[in-house]
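Okay, structure first, notes after.
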Amino acid sequence: TTIIPRTRQEEETMKIPTIAAAVLVLTDSVVHAFTVPRAARVRATAAFAASEESTTTAEPKQEEAVTKQIGLLTFDLDDTLYPIDKVLSEANDAFVKAMEKFGYTGLNPEDIVNTGKEIREEMSKTDPIDAATLTHTEIRELAIREEMEKIILERKLQETADDWATQVDSLSPIIVASAKKWAKNAVSESVVQAVLSAWEMERHHAAERHLFPSVIDSLKKIKEEHPQVIIGAVTDGRANPKLMTFTLAPYFDFCMSWEDEQGGRRQFFKELDSVDGQADLNWIYEAARHKYALLKEASDGLIKKDETDDKIPPLTYPETYDDLAWLHVGDDLAFDVGGSSACGAKTILVELSKDLGQTAPYRFDTEIDQPSWATTTPSELVARIKMNEASKELVDKKIVSMEQLPLAINQILNPDW
């Protein structure tokens, strides 16, 4: 076979151009967690190297959306993760059973609620601010004590009347005053605390039984998609997800309660009761943010790259934590949306269907009866309605079921989702 050599022109024609791989260069994307986040833009450029013989050009790549990272996710508890009306009802049933256990019979579940309201209303006559700043736990503890005093007094008066073979109504004011003093001093503080503990324990058990649909599934999915997120609770009561060991506890890292910071709470209700009704909730969300900072610093230390380096660079609160997003989830426009947004959080409003028992979307109306457990005064209600209206424009996402929560989070982190 004869091999015919190619000409130089043929060799030039047969050469195949070579194109180096494109290198995508992304700019850093910064999301401020604790100031109002600014829009992040990602720019992509492509650098191409071609052979000396190639004349081929490549189209530049289109911009690609990059999902922001979340550092902190906080939740309200009551009426966000479970219906507070059902939970309090079952806790009040536990109050009656606990009182019976210690010999205080004849009570109804609503007695602790009604007595608590009476205590607050009576106190508001002389000191409205002190009355407003009473915590739920303080009111409940005072109500338990007063119910015990009532029963002890009734028994002591009847016992005295029987001894004197007369009617209770016939006893002199001096005798009645002495009986009241007896009743007040006969109440055992340890028994009061035992009844209060029984109430609080049942409150947590009831919350676990009545979690809204898809709460656990959504938390699981969030942790899977954002494994480094720190999850906390911000609540105005004594509920604590860390005590809900069968449901919420594995997913929450901390809990901040209004009752833990009395100075800020007192100032808030003082402002709420003022003429303009402008109340500042920054103090509780600042506390949650600071707790996150402490946990984030410890977490970063656990995963430091160089295990031989014992010195971890000190982190400055809050500047060091500005690169991750903060989202807050709640049902209350004023307290959840307005309060957290003022501290830089993105907000998700939870408005569930009425048949699930959520009350927040339906109780802020001066023309309807408030829930039996509500202790909000008329002036506070008017101020709350005003705060709600001002907070509507601060809602970043609204969901009507907890199943929608993971998607809402991702849509906030990436507007192009």
Between [X] (side chain) and [Y] (backbone), is there a donor-acceptor pair under 3.5 Å?
X	Y	value
Asn92	Leu88	yes
Thr105	Glu100	no
Ser341	Lys346	no
Asp111	Asn108	yes
Ser299	Leu295	no
Asp253	Ile231	yes

Could you report the tightest heavy-atom contact between [X] and [Y], atom names first, then the distance?
X	Y	value
Leu413	His226	CD1-CE1, 3.5 Å
Ala143	Gly116	CB-N, 3.9 Å
Cys255	Asn240	CB-OD1, 3.4 Å
Leu356	Phe212	O-CE2, 3.3 Å
Val329	Thr80	O-CG2, 4.1 Å
Asp79	Ile84	OD1-N, 3.1 Å

Go through the side-chain N and O atoms of [X] and [Y] and say whether any donor and acceptor fall under 3.5 Å apart.
X	Y	value
Glu189	Gln193	yes
Thr135	Thr137	no
Asp331	Gln358	no
Glu90	His210	yes
Glu118	Asn114	no

I'd like to check [X] versus [Y] (side-chain heavy atoms, cut-off strictly below 4.5 Å). Are they in contact?
X	Y	answer
Ser172	Ile175	yes
Val168	Glu154	no
Ile144	Met99	yes
Lys296	Leu324	yes
Leu349	Asp336	no
Leu333	Lys392	yes

Interatomic distance, [X] atom [atom1] to [Y] atom [atom2] [nearest 0.5 angstrom]:
X	Y	atom1	atom2	value
Leu327	Leu73	CG	CG	6.5 Å
Asp332	Asn388	CG	CG	6.0 Å
Trp182	Leu153	CH2	CG	12.5 Å
Arg140	Ile119	CZ	CD1	11.5 Å
Ile70	Leu72	CD1	CG	7.5 Å
Glu141	Glu146	CD	CD	13.0 Å

Could you go through Asn414 and Gln411, starting from their C-alpha distance and side-chain angles, then the distance that decides it, and tell me whether this counts as side chain to side chain contact (heavy atoms under 4.5 Å, CB included)? CA-CA 5 Å; Asn414 183 356; Gln411 288 176 334; over 6 Å; no
For Trp326, is the NZ or CZ atom of Arg289 found under 6.0 angstrom from the centre of its six-membered ring and inside 45 degrees of the ring axis? no
Glu122: partners by side chain to side chain donor-acceptor pair (under 3.5 Å), with sequence neighbours left out: Lys125
Partners passing side chain to side chain donor-acceptor pair (under 3.5 Å) against Thr115 (at least two apart in sequence or in another chain): Glu147
Is the closest basic N to carboxylate O distance between Glu159 and Lys156 below 4.0 Å? yes
Any salt bridge linking Arg209 with Glu202? Criterion: basic side-chain nitrogen under 4.0 Å from a carboxylate oxygen. yes
I'd like to know whether [atom1] of [X] has more than 12 heavy-atom contacts from other residues, nucleotides or ligands below 6.0 angstrom.
X	atom1	result
Glu208	CD	yes
Lys150	NZ	yes
Lys223	NZ	yes
Lys181	NZ	no

Scan Tyr285, Phe75, Tyr292 and name whichever one has a ring-ring contact (aromatic ring centres under 6.0 Å, His included) with His328. Tyr285
Those residues at least two apart in sequence (or on a different chain) that pass ring-ring contact (aromatic ring centres under 6.0 Å, His included) with Tyr82 are none
